[in-house]
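Single-structure report; data block below.
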Amino acid sequence: MSDALHPRPRRVPDKPTVDGLEATWLVRWDENATYQFNRAATRDTVYSIDTPPPTVSGELHIGHIFSYTHPDVIARFWRMRGEDVFYPMGWDDNGLPTERRVENYFGVRCDPSLPYEEGFTAPDKAAAQKISVSRKNFVELCHFLTIEDEKIFKNLWRHLGISIDWSLEYSTISKLAQSISQRAFLEMLERSEVYSTVAPTLWDIDFRTAVSQAELEDRERPGNYHRVAFARADAEGVIEIETTRPELLASCVALVAHPDDERYRALFGTNVVTPLFGVDVPILAHELADPEKGSGIAMICTFGDTTDVVWWRELSLPTRALIGRDGRFLPVDFGSANWPSRDVEVATKFYAQLEGRTINQVRATVVDALRESGALIGDLRPITHPVKFYEKGERPLEIVTSRQWFVKTLEHRDELLARGDEIAWHPSFMKHRYRSWVEGLNVDWNISRQRFFGVPFPVWYPTDANGEVNFDAPIVPALSALPVDPSSEAPPGFDESARNRPNGFVGDPDVLDTWATSSLSPQIAGRWGTELFDAVFPMDLRPQAHEIIRTWLFSTVVRSHFQFHAVPFTNALISGWVLDPDRKKMSKSVGNVVTPLPLLEQHGADALRYWAASGRPGTDTAIDEAQMKIGRRLAIKMLNASKFVLGRLEGSPIPGPSEITTALDLDLTSLLAQLITESTALFEQYDYARSLERTEAFFWSFCDNYVELVKIRAYGESDDLSTRSARATLAVALSVLQRLLAPILPFVTAEVWDWWHEDSVHVAPWPTIDELPTRDVPEPGAVYGPICDVLEAIRREKSTQKVSQRAAVSICAVSAPKEFIAAIRSGEVDLKAAGGVVELTTTEAGDVTVVVTLDAS
RNA sequence: GGGCGCUUAGCUCAGUUGGUUAGAGCAGCUGAUUUACACUCAGCAGGUCGGGGGUUCGAGUCCCUCAGCGCCCACCA
């Protein structure tokens, strides 16, 4: 223990309080740049964290406190271990959530066909009817609102004492992020890891954009089985199918049954005729047809669900698209080769009632017509079945054919699975979620979104003399020109006047999926292309919630695998959910979302962090104000205990560890060594919760037992050896405990450490056993334990007799084994002082018995 | 349909490779009282460890099985 580590106590307040600590320390940390990353650091000394950039368009909720405390605790640990901790903060502000928030907040909607309006200001209050604005105006509003939202989020993070280096702040819509996102895309294009194609795609008809498999969500919805009869084309009789989507009848391209299904085997290769529309379709065989479902033979439409897409692809069926990008029914030409109706006039006339209508409207009309025609057999059979939704959407997804960019994830599935094994998962079982997701991938990752507030695809396409677009030969910008916006900038070699003209170009109108940019968070935070990146990549830690394993975590692995042939991070720390006090998942629709600021105000940051840190990795944790109160109590206890101990150390230099000579004191330091070793190992394993539990228990025992035992002795003359031993022990124990708790309770530990040190506890060295007297102790606690046992017996007797704990004990008679007696004899002075014992007698015996005789007077 | 996790005191949770009478905090109850702390201190009480079966000298801990809760994944006509 050096003098530098434990200088003389100073400025210990008379009445310490946790109130006001946050305001004080937030300012001091800023002034002293306590958490500043060392830009000169190299990879071998860096501990880097790939902080999750939260979606700022959402509400702040208690989950933010919970899940951001965990990596901060880890960051603080490694910083004290002497690592150069790279702990940036990003905001995920691009994408649909922001657009939706802007639409609702300002009462606007984006219409890309409108011209830009200079000096446009949004109305103060959102009108009932949304105002249409140009794309540029819309994007400006998005920028404006995200900046405001980010201030609110930043305030919470700061208030919580998250030890971020704010000079490393980034946002996913920034020029920097756009450049990196576009560069990464272009490099993938160069390596043929992405491709664009026209394909059936999951489509949200409200947001009018494609979505990816990762953004899908099943929701149980009521539906009906409709039994529909198809007349056989060249024979008598009908084939009955069951469908939940009769509105798609006009898009039917085949019926399908299992190849082994005896009922239909003879029919394979023959045709049936669709009711109402009179189109001949074949009966085909495919393994995916389930004989158990419905009538065992299904109607294939283009497209009712993803199984239809599989059948369509594998059976090489034609495409008869019905549903448009807005969810309304498209025009259809029943006379055409693609739609050969036996009775064009009837089909066309009927379809006229459907064109331009919504799905629900068409369903009602078709069902009525089927019933009238006799093709609808029996009653509808109500069912509840899972329907695919966009996770942020309100109506079921449709499948719409459109041109999209895809990342080739499927053909690299095995490599991606192997990358998952390279990551250390905390807790380890979370790896299963990654594995089952990757194993279940069935389409490539669609990264195009037909939206506005995002990173544009940095490509243009040439047009030929007829104005036809050649999508196979995209024109790309120079990397030095990034970021580019192809919708407002011309490609190299062209003038803006050639836009949308024959022998000219068109800009790609789409933006990248928001995950296609946030999956580059290590590159963005680490400023890919600069020396900084080499110092921080691959990241040491990816902290995140489990529900985004399939999105953020997976997509980051994909990007890193393709770009660097490496994992993007070596550890994944997965946090659980915060549940409401009744252990229900919090959700906006249930209305049980808890906002963090009132709790933060009421209990204090350290208290909320204590609650958060008691939630183990991956474990869902209920909001528990009682737990927050305990955290606050611990912080207050730390203030008072520090004040008391430092009070005992005032007046003369603090003795060093070599002066710890008393048996009890040496034993306490042995226990302390055990605590340090254990706590350090736990932190290294990301088990901050268990470390907290052990340290907390030790701290309370230290206060209630050890400090009580030695408080008299520590008062002695400063040249007395046993006094010096007690003071040295108190000092080293307090120092260690303050530091072990610093990652969890940064405010109160900063305060108490400051009472006797020049530098911040948060850059102080993590405690090691080298600070303690060097001893090899077979059984730590061999002295402290027995002494506490006897002390407890004395306290019990006083409690039973309902007298003050200060009451005197005339005789304390202990009979116990030899070692036990030796232990308490070695601490006799302290035991007598703490217990008010006049006389201690000891007898050797097999069992431990303590007889306490209170002083009758 | 496949997979993962959880089930221990009224509540929230520990219980590390199986080892003596199962732990903590909170709540409850009984007390103490003013030289660190009432946001205190001491003490007491409270559990057949979800059910059943098995392995073992010994099971909260390992195996099988069942049940409940939660979650992830799945081609759900």
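Numbers restart at 1 for each chain; the letters A, B, ... are given by sequence-line order, proteins then strands.
Nucleotide C69(B) forms a Watson-Crick or G-U wobble pair with G5(B), both donor-acceptor distances falling under 3.5 Å. Nucleotide U34(B) has no partner under the Watson-Crick or G-U criteria, as no pair reaches both atom distances under 3.5 Å. Of the nucleotides present, C29(B) is the one that pairs with G43(B) by Watson-Crick or G-U wobble criteria, both distances under 3.5 Å. The nucleotide A14(B) finds no pairing partner, because no Watson-Crick or G-U wobble arrangement with both distances shorter than 3.5 Å includes it. In a base pair of the Watson-Crick type (N1 to N3 plus N6-O4 or O6-N4) or a G-U wobble (N1-O2 and O6-N3), with each distance short of 3.5 Å, G60(B) is matched with no nucleotide. Taking a pair to require two hydrogen-bonding distances under 3.5 Å in either a Watson-Crick or a G-U wobble arrangement, U21(B) remains unpaired. Under the Watson-Crick or G-U wobble criterion, with both distances below 3.5 Å, C76(B) is left unpaired in every strand shown.
The 12-atom threshold is exceeded at NZ of Lys832(A), counting heavy atoms of other residues, nucleotides or ligands nearer than 6.0 Å. Enclosure of atom CD in Glu220(A) by more than 12 non-hydrogen atoms of other residues, nucleotides or ligands within 6.0 angstrom is indicated.
Within the 4.0 angstrom heavy-atom criterion, no nucleotide atom of any strand lies near Gly294(A). Counting any heavy atom pair closer than 4.0 Å across all strands shown, Ala689(A) reaches no nucleic acid atom. When heavy atoms are screened at a 4.0 angstrom cut-off, Asn442(A) is found touching the sugar-phosphate backbone but no base atom. Among the heavy atoms of the strands lying under 4.0 Å from Cys703(A) is at least one base atom, whether or not backbone atoms are also near. Within 4.0 Å (heavy atoms only), Trp611(A) reaches no atom of the nucleic acid at all. Counting non-hydrogen atoms under 4.0 angstrom, Lys643(A) reaches the backbone sugars and phosphates but no base.
At whole-Å resolution of the value, OH in Tyr688(A) and P in C13(B) are 14 Å apart. In this structure, the NE2 atom of His546(A) is 11 Å from the P atom of C73(B), given to the nearest Å. Distance OH (Tyr706(A)) to C1' (C41(B)): 20 Å, rounded to an integer number of Å. Going from atom CD of Glu391(A) over to atom C1' of C72(B) covers 14 Å, rounded to whole Å. Atoms NZ (Lys629(A)) and P (U40(B)) sit 12 Å apart, rounded to a whole Å. When the P atom of U16(B) is taken as reference, atom OH of Tyr686(A) falls 23 Å away, rounded to whole Å. The distance from atom CZ of Arg435(A) to atom C1' of C4(B) is 14 Å, rounded to the nearest whole Å. Between Leu397(A) atom CG and C75(B) atom P the separation is 13 Å, expressed in whole Å.
The listed nucleotides are C73(B), A36(B), C76(B); the one nearest the side chain of Trp437(A) is C73(B). Counting only heavy atoms from C-beta on, Leu288(A) has its side chain closest to C75(B) among C76(B), C75(B), C37(B). In the set C72(B), A36(B), C75(B), the nucleotide with an atom closest to the side chain of Arg433(A) is C72(B). When distances are taken from the side chain of Asp218(A) to each of C75(B), C76(B), C71(B), the shortest belongs to C76(B). Nearest to the side chain of Asp624(A), among U12(B), C75(B), A36(B), sits U12(B). Ranking U40(B), A42(B), C76(B) by closeness to the Arg795(A) side chain, first place goes to A42(B). For Arg616(A), counting side-chain heavy atoms from C-beta on, the closest listed nucleotide (C73(B), A14(B), A74(B)) is A14(B). When each of C41(B), C72(B), A36(B) is scored by its nearest atom to the side-chain atoms of Phe644(A), the top-ranked nucleotide is A36(B).
Nucleotides G47(B) and C41(B), compared at atom C1', are 27 Å apart to the nearest Å. Nucleotides C6(B) and U12(B) place their C1' atoms 14 Å apart, quoted to the nearest Å. Across the C1' atoms, C66(B) and G28(B) are found 36 Å apart, a figure rounded to whole Å. As rounded to the nearest Å, C63(B) and G5(B) have P atoms that lie 11 Å from one another. A27(B) and C13(B) have their C1' atoms separated by 14 Å, with the value rounded to a whole Å. Nucleotides A24(B) and G1(B) place their C1' atoms 42 Å apart, quoted to the nearest Å. Using atom C1' as the reference point in both U16(B) and U55(B), the two lie 22 Å apart (nearest Å). Taking the C1' atoms as reference points, C29(B) lies 34 Å from G68(B), given to the whole Å.
Residues satisfying the ring-ring contact (aromatic ring centres under 6.0 Å, His included) test with His432(A), not counting sequence neighbours, are none.
The backbone N or O of Thr409(A) sits less than 3.5 Å from a side-chain atom of Asp444(A), completing a donor-acceptor pair.
Distance check: Ile300(A) CD1 to Leu317(A) CG gives 5.5 Å after rounding to the nearest 0.5 Å. Note that CG of Asn705(A) is 6.5 Å distant from CG of Leu709(A), once rounded to the nearest 0.5 Å.
Side chain to side chain, Glu797(A) and Gln801(A) meet the donor-acceptor criterion of an N or O pair below 3.5 Å. Judged purely by distance below 3.5 Å, without hydrogens or angles, the side chains of Glu215(A) and Ser212(A) pair a donor atom with an acceptor atom. Inspection of the Trp756(A) and Gln738(A) side chains reveals an N or O donor paired with an N or O acceptor under 3.5 Å.
Take the nearest nucleotide of RNA chain B for Lys293(A) and for Pro16(A): the residue whose nucleotide is more 5' is Pro16(A). Remark on RNA chain B: of its neighbouring residues Met430(A) and Asn640(A), the 5'-side contact belongs to Met430(A), judged by nearest-heavy-atom nucleotide.
The side-chain hydrogen bond (donor to acceptor under 3.5 Å, both in side chains) test with His603(A) is passed by exactly one of Arg632(A), Lys629(A), Glu625(A): Glu625(A).
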Restricting to nitrogen or oxygen on both sides, can you table the protein-nucleotides 21-30 of chain B pairs closer than 3.5 Å?
residue : atom : partner   : partner atom : Å
C26(B)  : OP1  : Arg633(A) : NH2          : 3.2
U30(B)  : O2'  : Lys802(A) : NZ           : 3.4

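The phosphate of A74(B) (OP1 or OP2) has a side-chain N or O of Gln213(A) nearer than 4.0 angstrom. Taking 4.0 angstrom as the limit, Arg796(A) places a side-chain polar atom (N or O) nearer than this to OP1 or OP2 of C44(B).
Contact of Glu708(A) with A42(B) (side chain to base): no donor-acceptor pair of N or O atoms is detected under 3.5 Å.
Ring planes of Phe554(A) and Trp437(A): perpendicular class, angle over 60° (limits at 30 and 60°).
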